[in-house]
Colleague: 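I have a structure here, written as structure tokens, and I will follow up with some questions on it.
By convention in this document, chain letters (A, B, ...) are assigned in the order of the sequence lines, proteins followed by strands, and residues within each chain are numbered from 1. The analysis underlying the following values was restricted to heavy atoms, covering all of them including side chains, and did not include hydrogens, waters or symmetry mates.
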There are 2 protein chains.
Amino acid sequence: MSKSEQTRDYILQKSFDLIYQKGYQSTSIDDIIATTHVTKGAFFYHFKNKEEMGLGLIGELLYPNLRNMMVRPLEDSQDPKTDIYKMMEMLLNDTSFFNVDYGCPAINLIEEMSAVSTTFKRELSKLVLLWHNAIVTALNSAQSSGLIKTNIAPEEVAVMLISGYGGVRTLGKVMGRGAYKAYLSGLKSYLMQL
Amino acid sequence: MSKSEQTRDYILQKSFDLIYQKGYQSTSIDDIIATTHVTKGAFFYHFKNKEEMGLGLIGELLYPNLRNMMVRPLEDSQDPKTDIYKMMEMLLNDTSFFNVDYGCPAINLIEEMSAVSTTFKRELSKLVLLWHNAIVTALNSAQSSGLIKTNIAPEEVAVMLISGYGGVRTLGKVMGRGAYKAYLSGLKSYLMQL
DNA sequence: GACATAAGATACTAGTTAGTATGTTTTACA
DNA sequence: TGTAAAACATACTAACTAGTATCTTATGTC
């Protein structure tokens, strides 16, 4: 990786951290250059404007992380019920990447930006759809192999799961990790009965 | 209601609308005085600062609305399963107060403000707890009267329901009303099996 | 090692932000 | 109906905002 690529990635990573904590609109470019010690000239050399940086963040940080943590674990799953639970547990208990007080970076951006910028909305909806499809595919195959009742609708269950995840991230912000614990417990019962 | 009270309420109501659409931090006082045609002097006569207005909003608009739409329908409920479903349906289908693109005002504020202001976080957590307790109470009484299995934990179900609601509001922002429809359908099945 | 260009640094701008200082006008009530 | 206080209006400030113009320095290539 060239020196130039390094600073670009560095800016993206630090911006991500700031935005995760304070929100996109409340994170100023001056904030970013202050914490990175990268100058304004450097910032605007690598990004045309703030939006391009924000979209870069989604494409180059959020997207690959989502694939790794939320899509890949479901690919070719032999036991979706268990794997979905394990995935949720992993996501909610991962304190290296996530923080209860700050919630989920992707959910935060959806909340803040989708009504304000159609470009952000479009890119973020791609992420959601990716996860949605991964869940539906896993549930479908589980129905084929008789591991899940055939009278349930995978699309509905996917929406229930994604909503549950997003919602408990929000809930965690005001109620703390206890919300995660209760959710995971409730999720287990919910998955059982599918 | 005196003239003075009227302008105060008017400011709060219009601020609420703006904040619902753009977020709290992105709604400037200049935005507010521009749309209300109330002058800056009037604004700062009624509110010490922006935060006091924001908190007023929570206490005087969000709180009573939450009581009416999310707590009262569960009080003395003879059939919580049905009443919870009806409440969710009412909330998600009410287009006079809510808008898919803007989600739920309370959820939005939690998302945006709880990590940024402990005062907002505290006030908002009260709202959540109020709803949580109303749900738990309803589920408890349903267990007593044999309408719900006794091996389920009302606290967990409450977290599942609140998370589901909050999450589908987020999901709706990027996926549209289809998310609401799928959620309500999934919710019905979920409640059945309790 | 010259030189073109990539990468980064500095100083600025025009507009916006919350909040204040200092006025003027209503309103309630004696 | 006079007057004190409540309610509102106007003009300003200091700090911050995204972005630009213009410069300097580093880097790879022949």
Colleague: Output the rounded distance in Å from CZ (A:F44) to C1' (C:dA11).
Modeller: 14 Å
Colleague: Write out all pairs satisfying salt bridge (charged side-chain N to carboxylate O under 4.0 Å, His left out) with one or both partners inside residues 145-166 of chain A, taking only residues at least two apart or from two chains.
Modeller: none
Colleague: At 10 degrees resolution, what angle do the end axes of the helix from C:dG1-D:dC30 to C:dA30-D:dT1 form when each is taken over five base pairs?
Modeller: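 The angle, to the nearest 10 degrees, is 10°.
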Colleague: Please enumerate all residues that pass salt bridge (Lys or Arg N to Asp or Glu O under 4.0 Å) together with B:K121, with sequence neighbours excluded.
Modeller: A:D101
Colleague: For nucleotides 4-8 of chain C, tabulate all protein N/O to nucleotide N/O atom pairs closer than 3.5 Å, reporting atom names and distance.
Modeller:
from	atom 1	to	atom 2	distance (Å)
C:dA7	OP1	A:S4	OG	2.9
C:dA7	OP2	A:Y45	OH	2.1
C:dA7	O5'	A:Y45	OH	3.4
C:dG8	OP1	A:T7	OG1	3.3
C:dG8	OP2	A:T7	OG1	3.3
C:dG8	OP2	A:H46	NE2	2.5

Colleague: Compile the donor-acceptor pairs under 3.5 Å between side chains in residues 87-97 of chain A and protein atoms, sequence neighbours left out, one pair per line.
Modeller:
from	atom 1	to	atom 2	distance (Å)
A:N93	OD1	A:R177	NH2	3.0
A:N93	ND2	A:E89	O	3.3
A:D94	OD1	A:S96	N	2.8
A:D94	OD1	A:S96	OG	2.7
A:D94	OD1	A:F97	N	3.0

Colleague: Nearest whole angstrom, please: distance from the P of C:dA11 to the CG of A:D30.
Modeller: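 Interatomic distance, CG of A:D30 to P of C:dA11: 14 Å.
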Colleague: C:dT20 P sits how many Å from B:I33 CD1, rounded?
Modeller: 15 Å
Colleague: Just how far, in rounded Å, is C1' of C:dA9 from CZ of A:F43?
Modeller: 15 Å
Colleague: What residues from residues 48-62 of chain B pass a heavy-atom cutoff of under 4.0 Å to DNA chain D?
Modeller: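 Output list: empty, so none.
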Colleague: What integer distance in Å separates B:F47:CZ from D:dC8:P?
Modeller: 11 Å
Colleague: Please confirm whether the backbone N or O of A:K181 pairs with a side-chain atom of A:S185, one donor and one acceptor, at under 3.5 Å?
Modeller: no
Colleague: Of all of residues 15-28 of chain A, which get a heavy atom below 4.0 angstrom from DNA chain D, listed by number?
Modeller: A:T27, A:S28
Colleague: Going by ring-ring contact (aromatic ring centres under 6.0 Å, His included), name the residues that satisfy it together with B:Y85, two or more places apart in sequence or in a different chain.
Modeller: none
Colleague: Distance-only check: which donor-acceptor pairs under 3.5 Å involve side-chain atoms of residues 60-67 of chain B, not counting sequence neighbours?
Modeller:
from	atom 1	to	atom 2	distance (Å)
B:E60	OE1	B:R8	NH2	3.2
B:E60	OE2	B:R8	NH2	2.5
B:N65	ND2	B:L61	O	3.0

Colleague: For the backbone of A:N99 and the side chain of A:Y20, can you confirm whether one donor and one acceptor N or O come within less than 3.5 Å of each other?
Modeller: yes
Colleague: Compare the minimum distances between each of C:dA18, D:dG19, D:dT17 and the side chain of A:K40, then state the nucleotide with the smallest one.
Modeller: D:dG19
Colleague: Could I get the full list of side chain to side chain donor-acceptor pair (under 3.5 Å) partners for B:D79, not counting sequence neighbours?
Modeller: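 B:D79 satisfies side chain to side chain donor-acceptor pair (under 3.5 Å) with B:T82 only.
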Colleague: Per the ring-ring contact (aromatic ring centres under 6.0 Å, His included) rule, what does the pair list look like for residues 106-149 of chain A, sequence neighbours excluded?
Modeller: A:Y24-A:F120, A:W131-A:Y165
Colleague: Please name the pair of heavy atoms, one in B:A158 and one in B:V136, separated by the smallest distance, quoted to 0.1 Å.
Modeller: CB-CG2, 3.8 Å
Colleague: Specify the separation, in whole Å, of atom CD1 of A:I29 and atom P of D:dT17.
Modeller: 10 Å
Colleague: Mind checking what makes side chain to side chain contact (heavy atoms under 4.5 Å, CB included) contact with B:S28, not counting sequence neighbours?
Modeller: B:D30, B:D31
Colleague: Classify the ring geometry between A:F43 and A:F47 as parallel (under 30°), tilted (30 to 60°) or perpendicular (over 60°).
Modeller: tilted
Colleague: Please name the residue in the list A:E52, A:E51, A:M53 that meets the side chain to side chain contact (heavy atoms under 4.5 Å, CB included) test with A:L55.
Modeller: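 That would be A:E51; it is the only one of A:E52, A:E51, A:M53 passing the side chain to side chain contact (heavy atoms under 4.5 Å, CB included) with A:L55.
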